[in-house]
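In listed order, ligands and their atoms are each counted from 1. Index from 1, following the sequence.
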Amino acid sequence: MAQEKEIVIRRLKTAKDLGKFMADYYYELDEASKSGKKKVAWCTSVGPAEILRGMGFLTYFPETHSAMLGTTRMAVDLIPKANAIGYSPDICSYLTADIGAFLAGVTPLSRAFPGIQSVPKPDVLVYNTNQCRDVQDWFAWYAKHYNVPLVGIETYRNVPEVTPAHITSIAGQMENIVEPLEKVAGRKLDMGELKNAVALSRECSNLWEKCLAAAAAKPSPLTFFDGTTLMGPAVVGRGTQRANDAYNLLLEELNERMAQGSGAIENEQYRLYWDGMPVWGRLSMHSKLFAGLNANVIASTYCSSWIFNALDPKEPFESMAKAYTELFIVRSDEYKEEYIKDKLEFFKCDGIIYHDAKTCPNNTNCRYGMPQRLEKKTGIPSLIINGDLNDLRLLSDEQTKTNVEAFIEQLEERK
Ligand code: SF4
């Protein structure tokens with residue numbers, strides 16, 4: 001009988017420290033929500049978190065909660081509850097899983113962090129449509145439910161080049177949300193605190209960028225699947241010193257691995273780029289599937305979405321407007337193709353995996369000919385995986401496995 005190949009995936013020691021960071025973050029929010037001593041603002045994952053920090057809000061990010069609903073696979077049973085009140089199964093499964101969880105009165109936070117019974121109650125909700133319109137609807141539902149204010153920024157989409165007109169408009173919208181936020185905070189925005197938050201956010205972005213860039217080493221000390229959880233502090237903690245401390249530790253470990261030539265997987269033969277959302281309920285399965293074929297998914301558009309190089313404490317509003325409009329997801333296909341082309345070169349990739357996420361067209365880039373155009377430009381082949389971020393009913397594991405195996409064989413023939 002043929003022996004099963006042992007799959008070696010080297011976990012990062014600092015993942016534990018980052019886990020502790022997330023635990024502290026949720027316990028602080030829980031305490032604030034229970035005691036009412038600090039105000040809680042819900043914010044979209046690429047929303048203006050720095051403004052909220054400048055007013056002393058603790059910030060909670062529902063998308064991170066939804067990703068937990070995905071990784072715990074609770075989402076599958078909860079999505080129908082949101083469908084039952086009118087949210088289509090075709091819209092964002094972050095939204096439907098999260099609202100479904102709320103309707104069912106459950107949260108994965110309780111399992112992960114004993115003592116936490118529910119998500120923190122918001123005093124205000126703040127969105128930016130730079131990623132999609134779903135977040136606006138999602139937050140509007142909670143604003144109505146909790147009877148708290150909803151403020152937001154409506155952004156440009158499909159942007160080829162970020163112009164001064166874009167920046168003036170978005171910066172103006174950001175300044176306009178200050179007054180309603182001050183009313184909820186019961187205090188004024190402190191420009192010193194805002195600038196400090198922007199400076200810390202920029203540092204966080206620099207550190208996270210360096211961590212992700214470590215994957216350019218051969219072999220890569222990092223996998224995309226590690227990145228999807230390691231990015232937690234960049235999402236929920238940007239603008240705080242604690243997030244930066246966590247990333248300094250991570251960077252140290254990645255540098256050590258690079259110095260030792262120690263890769264995240266045992267025998268890295270193929271280096272792949274991932275475009276689109278992760279399949280949260282299949283992180284471990286996908287990580288083993290690729291590693292078992294000596295393929296390392298080393299870089300992604302998704303994990304890089306929390307790099308904000310434009311942030312500048314000298315011009316907090318303008319630089320936030322630029323940083324949050326420069327994002328990949330906001331940009332035109334021409335820009336996106338150049339971006340991915342540069343990444344393929346930088347990370348020395350052999351192939352691309354596009355995740356066609358059924359309920360997130362916003363983070364899916366393979367529906368309008370991009371794979372074909374990019375292959376023509378770069379000669380690098382690609383594979384499309386049909387699936388979803390949270391709704392596991394929308395994917396076939398068998399199909400994914402067969403397609404990935406065939407793709408790696410194709411790469412082997414090209415070597
Ligand atoms: S970008 Fe996609 S996954 Fe994220 S909130 Fe919008 S629709 Fe949902």
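- With ligand atoms numbered from 1 in the order given, ligand 1 contributes 1 (S), 5 (S), 6 (Fe), 7 (S) to contacts under 4.0 Å with heavy atoms of Cys132.
- Nearest heavy-atom pair across Lys121 and Val40 is O-CB, 3.6 Å.
- For ligand 1 and Cys92, the ligand atoms under 4.0 Å from any heavy atom of the residue are 3 (S), 5 (S), 7 (S), 8 (Fe).
- Of all atoms in ligand 1, numbered sequentially from 1 with element shown, those under 4.0 Å from a heavy atom of Asn362 are 7 (S).
- Taking the six-membered ring for Trp and thresholds of 30 and 60 degrees, Tyr146 and Trp42 have ring planes more than 60 degrees apart, a perpendicular arrangement.
- For Glu179, the CD atom is loosely surrounded, since the number of other residues' heavy atoms within 6.0 Å does not exceed 12.
- Taking the six-membered ring wherever Trp is involved, the centroid distance between the rings of Phe224 and Tyr273 does not fall below 6.0 Å.
- Contacts between Val135 and ligand 1 below 4.0 angstrom, taking non-hydrogen atoms only, involve the side chain exclusively.
- Shortest non-hydrogen contact noted between Asp388 and His355 is N-NE2, 3.1 Å.
- The protein heavy-atom contact nearest to atom 4 (Fe) of ligand 1 is Gln131 NE2, 3.6 Å.
- Nearest to atom 1 (S) of ligand 1 by heavy atom, out of Ala67, Ser66, Cys360, is Cys360.
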